[in-house]
Amino acid sequence: MGKKGKKEKKGRGAEKTAAKMEKKVSKRSRKEETLLYNELYIYNIRKDSWTRVEIPSAPPRRCAHQAVVVPQGGGQVWIFGGEFASPDGEQFYHYKDLWVLHLATRTWEQVRSPGGPSGRSGHRMVAWKRQLILFGGFHESTRDYIYYNDVYAFNLDTFTWSKLSPSGTGPTPRSGCQMTVTPQGSIVIYGGYSKQRVKKDVDRGTQHADMFLLKSEEGGEGRWTWTRINPSGAKPSPRSGFSVAVAPNHQTLLFGGVCDEEEEESLQGDFLNDLYFYDAAKNRWFAGQLKGPKLEKRKRRRGKKVEPEGADKQESGGASTQAPLEVVREVVAEDGTVVTIKQVLSAPSPAGRPQSDEEDGPDEAESPTIEPSPRSNAMLAVKHGRLYLYGGMFEAGNRQVTLSDLYCLDLHKMEEWTALVEMDPETQEWLEETDSEEDSDAVEGAEGRGEDEEDEDSGEDSGEEGG
């Protein structure tokens, strides 16, 4: 009985892994699911509009690459690596090319330099002084996969690559991690994802939650040191596919992501839309709490006196505290399928006054909180003290949905999100993951996004946000 149970369990594990691989291969094999792009868009903050910019000789279409903005030469965008899949799924490979977009002249240039990283996706890259520092990533083929924890430096003056060999114990191989430069000049690596083969036909994924510091040794040209650090405070839960940017106070902010819950027979993702800040000077995490919209203007219009500050605090802690609010949204696919998305919103923070029957009538009931829905792989950029969040993806049952909405958050006030472009069901992009040919034929023109496709640059060096 025991041996039979073990055999059955082993069989289910092998079937589960095979099903995952088959699901991934079939996903790439459908032409409507593997559309990649090499388009360039610029978002004008003042005009609140997107513009597609046509520049000849652009890099080949790809996803899961990295892009970094530097001030050299009137502003440049450097791009390395990523992956490609042909529409019919017959071709799939990783890039190891390096490109630069000269913002002053709006021209692309491929920079050919030997000794660089191997082809990969899901790596991370940051600008450090007059260099680009690249870490990690993964390479996958139909037969096998490998995750990296190597570190490379590209010199922006000499246009040369060099592989770094830091001393100390560094992160294990991973992709999709946080990589940011601290005000002190060190580089932080946090989290990420990797998988390894534990036995034949059985893979195990790991969502990392450890943090490391990569520091250049003073006086030592090209000498670096790894140090593991254990920050205090309210730490993010383990996740992958999160997005990062640098706030005006030099803190690193982290948004969203997905926590994969691995069952015996399935793999489900718990998507997130929370916000965290990491203060490198204090080595501490903080949860990003929004204060909510101010209500003073409405009180003045109604001729109400503003209560003393103490009264606010007492009332906020009273019985009028609101319960969490559940918001239900419906998204319609091109084939007519309706997917219901449920999102539980927390009650307003004490900074916002609770409602009372005396102050607010039914016509002035508070509307649901505006905020980005849970997602992974969103794009973040910070400009003029405001955080801009674009797109991303989430899963609903056996469907993947890519988003094209745009939100903004004032990081100085930290009051509420503003929806600049809301989610439009008519233009929703779908990635079908079933084996039904009828369902597959009904989904056309869907945009395939690669895992860990994130631009981590803060956008503070450019006058407009690039999409």
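Side chains are part of it too, since the values below use all heavy atoms of this structure and drop only hydrogens, waters and symmetry mates.
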- Starting from the C-alpha separation in whole Å, work towards a yes-or-no answer on side-chain contact (heavy atoms from CB on, under 4.5 Å) for L387 and L380. CA-CA 7 Å; L387 171 66; L380 298 184; 4.1 Å; yes
What's the separation between atom [atom1] in [X] and atom [atom2] in [Y], rounded to the nearest 0.5 Å?
| X | Y | atom1 | atom2 | result |
| --- | --- | --- | --- | --- |
| R239 | L272 | CZ | CG | 4.5 Å |
| Y147 | E140 | OH | CD | 7.0 Å |
| Q131 | L156 | CD | CG | 7.5 Å |
| Y388 | L420 | OH | CG | 7.0 Å |
| I229 | S186 | CD1 | OG | 9.0 Å |
| N249 | H412 | CG | NE2 | 8.5 Å |

Do [X] and [Y] come close enough that some side-chain heavy atom pair is under 4.5 Å?
| X | Y | result |
| --- | --- | --- |
| I133 | V181 | no |
| L213 | Q184 | no |
| P236 | F242 | no |
| F271 | M393 | yes |
| P60 | N38 | no |
| P171 | W226 | yes |
| Y390 | Y41 | no |
| E416 | T369 | no |

- Just say parallel, tilted or perpendicular for the rings of H94 and H139, cut-offs at 30° and 60°.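 Correct class here is tilted.
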Which atom pairs, one a donor and one an acceptor, fall under 3.5 Å between side chains of residues 98-105 and the rest of the protein, sequence neighbours left out?
residue : atom : partner : partner atom : Å
W99     : NE1  : D97     : OD2          : 2.8
H102    : NE2  : E109    : OE1          : 2.9
T105    : OG1  : T107    : OG1          : 2.8

- Task: Count the heavy atoms of every other residue, nucleotide or ligand shown that sit under 6.0 Å from NZ of K215, and state whether that count exceeds 12.
- Result: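 It does not: K215 NZ has 12 such atoms or fewer within range.
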Got a donor-acceptor contact below 3.5 angstrom from the [X] side chain to the [Y] backbone?
| X | Y | answer |
| --- | --- | --- |
| R124 | Q178 | no |
| R386 | C408 | no |
| E83 | S121 | no |
| R46 | N44 | no |

For the student: nearest non-hydrogen atoms of [X] and [Y], plus distance:
| X | Y | answer |
| --- | --- | --- |
| A287 | Y276 | CA-CD2, 3.8 Å |
| A245 | V382 | CB-CG2, 3.9 Å |
| G391 | A378 | O-CB, 3.4 Å |
| N273 | P372 | ND2-O, 2.9 Å |
| R174 | F212 | NH2-CE1, 4.3 Å |
| W108 | S57 | CB-O, 3.3 Å |

- Option passing side-chain hydrogen bond (donor to acceptor under 3.5 Å, both in side chains) with Y278 (candidates N283, T252, T182):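 The single option meeting the side-chain hydrogen bond (donor to acceptor under 3.5 Å, both in side chains) with Y278 is N283.
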- Message: Test side chain to side chain donor-acceptor pair (under 3.5 Å) on S118 and R120; report intermediate values, then the result.
- Response: CA-CA 6 Å; S118 57; R120 62 189 66 194; 3.1 Å; yes
- Please walk me through it: do D48 and Y43 pass side-chain contact (heavy atoms from CB on, under 4.5 Å)? CA-CA 7 Å; D48 188 21; Y43 176 72; 2.4 Å; yes
- Task: List the steps, then state whether side-chain contact (heavy atoms from CB on, under 4.5 Å) holds for R375 with D405.
- Result: CA-CA 11 Å; R375 65 191 66 196; D405 47 1; 2.8 Å; yes
- Tell me whether the centres of the aromatic rings in F80 and H123 are closer together than 6.0 Å.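 Here the rings of H123 and F80 have centres that are less than 6.0 Å from each other.
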- For the ring pair F159 and F154, is the centre-to-centre distance below 6.0 Å?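 Ring-ring flag for F159/F154: true, centres closer than 6.0 Å.
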- Is there a side-chain contact (heavy atoms from CB on, under 4.5 Å) between W285 and L254 once you walk through the steps? CA-CA 10 Å; W285 282 103; L254 179 153; 4.1 Å; yes
- Please identify each residue that fulfils side-chain contact (heavy atoms from CB on, under 4.5 Å) with K129, with sequence neighbours left out.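 With neighbours one apart ignored, the set is empty.
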